[in-house]
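The structure under discussion appears below in the form of structure tokens.
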There are 2 protein chains.
Amino acid sequence: MKINTIRDLAATIRGRRLDLSLSQAELARTASVSREWVSEFESGKSTAEIGLVIRVIEALGLRIELTEYEDVPDSSALDLDSILQEYREK
Amino acid sequence: MKINTIRDLAATIRGRRLDLSLSQAELARTASVSREWVSEFESGKSTAEIGLVIRVIEALGLRIELTEYEDVPDSSALDLDSILQEYREK
DNA sequence: GATAGATGTGACCGTACGCTTACAACTGTA
DNA sequence: TACAGTTGTAAGCGTACGGTCACATCTATC
């Protein structure tokens with residue numbers, strides 16, 4: 001599942017939790033976070049701490065991957081230039 | 001790049017930044033975070049806010065993916081059971 | 001040697017985290 | 001109709017976030 005925004009991340013985690021038929025309380029207990037935190041995070045809380053997010057992801061049997069962003073599969077060489085261009089502008 | 005811990009995430013982001021020959025200050029400016037924050041995050045700060053982390057990842061031309069965790073490629077069906085087992089143990 | 005850039009670290013401060021407790025709304029189920 | 005479970009919020013609190021300055025260290029390049 002490709003994640004572009006915090007809402008994507010929140011929705012993916014909620015979807016996975018429901019796929020496993022888990023309550024927020026069950027997930028929270030396994031990930032050692034509060035149930036309230038799970039509720040707010042699933043609503044898209046962008047200020048959540050990355051450490052807790054990782055614990056929840058792990059508790060759901062998911063893994064994070066970081067890949068190079070590619071909109072169009074056949075222009076990988078140009079993408080890096082477009083990224084650097086953004087830095088070089090002044 | 002598979003991410004299992006915060007240190008993995010930090011190292012991957014630092015590696016990507018260096019691959020692009022960017023300074024912490026350049027990355028910070030593009031991602032709208034402080035240079036000091038980049039320094040501390042690259043050291044593995046687990047309390048960093050997910051919103052800032054996502055901004056930095058995007059600024060580096062990277063994308064997050066969430067996939068099902070699979071240790072052994074040929075036992076995908078059993079993995080889900082092992083996950084649920086952890087929840088069902090009282 | 002001197003200067004500039006990159007990086008790590010510390011102090012200070014306004015703000016908000018995450019946890020706990022509590023309550024309300026909703027859904028099934030006995 | 002009760003009862004239990006799930007979920008969303010809100011208040012209160014201890015703590016630490018992230019930004020800003022400031023300083024020290026370490027390279028390069030002049």
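Numbers restart at 1 for each chain; the letters A, B, ... are given by sequence-line order, proteins then strands.
- Side-chain N/O atoms of Lys45(A) include one lying less than 4.0 angstrom from OP1 or OP2 on dG18(C).
- Counted by atom type alone, Gln24(A) and Glu36(A) present zero donor-acceptor pairs between their side chains at under 3.5 Å.
- The interatomic distance linking Glu49(B) (CD) with dG18(C) (P) rounds to 8 Å, in whole Å.
- Under the rule for a side chain to side chain donor-acceptor pair (under 3.5 Å), Glu49(A) has no partner lying at least two apart in sequence or in another chain.
- Using a 4.0 Å heavy-atom distance criterion, Val33(A) is classed as a sugar-phosphate-only contact.
- Between Arg17(B) and Glu26(B) no salt bridge is recorded (no basic side-chain N to carboxylate O distance below 4.0 Å).
- A donor-acceptor contact under 3.5 Å is formed by the side chain of Glu36(B) with the base of dC21(D).
- With distances taken from any side-chain atom of Arg17(B) to the nucleotides dT7(D), dG19(D), dT7(C), the minimum falls on dT7(C).
- Atoms CG and CD, on Leu60(A) and Glu68(B) in that order, are 10.5 Å from each other to the nearest 0.5 Å.
- Judged by distance alone, with hydrogens and angles left aside, Arg35(B) brings a side-chain donor or acceptor within reach of the base of dG8(C), the pair sitting under 3.5 Å.
- Per the geometry, CH2 belonging to Trp37(A) stands 17 Å off C1' belonging to dT9(D), to the nearest Å.
- Taking atom CG of Leu52(B) as the reference point, atom P of dA16(C) lies 13 Å away to the nearest angstrom.
- Annotation: side chain to side chain donor-acceptor pair (under 3.5 Å) contacts of Glu65(B) (sequence neighbours excluded): none.
- The separation between Leu22(B) atom CG and dA6(C) atom P is 11 Å, rounded to whole Å.
- If you take CG of Leu18(A) and C1' of dG5(D), they are 15 Å apart, rounded to a whole angstrom.
- Along DNA chain D, the nucleotide closest to Ser43(A) and the one closest to Thr47(B) are compared, and the more 5′ of them pairs with Ser43(A).
- Between Ser39(A) and the phosphate of dG8(D), there is a side-chain N or O to OP1/OP2 separation shorter than 4.0 Å.
- Nearest-nucleotide assignment on DNA chain C puts the 5′-proximal partner with Ala25(B), out of Ala25(B) and Ala48(A).
- The nearest whole Å value for the distance from the CD atom in Glu40(A) to the P atom in dT9(D) is 8 Å.
- We find that CD of Glu26(B) is positioned 11 Å from C1' of dA6(C), with the value rounded to whole Å.
- If you take CZ of Arg29(A) and P of dT7(D), they are 13 Å apart, rounded to a whole angstrom.
- Here Ser34(B) does not reach the OP1 or OP2 of dT20(D): none of its side-chain N or O atoms lies under 4.0 Å away.
- Dashed line: the shortest gap from a side-chain N or O of Gln24(A) to OP1 or OP2 of dG8(D) is under 4.0 Å.
- A sub-4.0 Å separation between OP1 or OP2 of dT6(D) and a side-chain N or O of Arg14(A) is absent.
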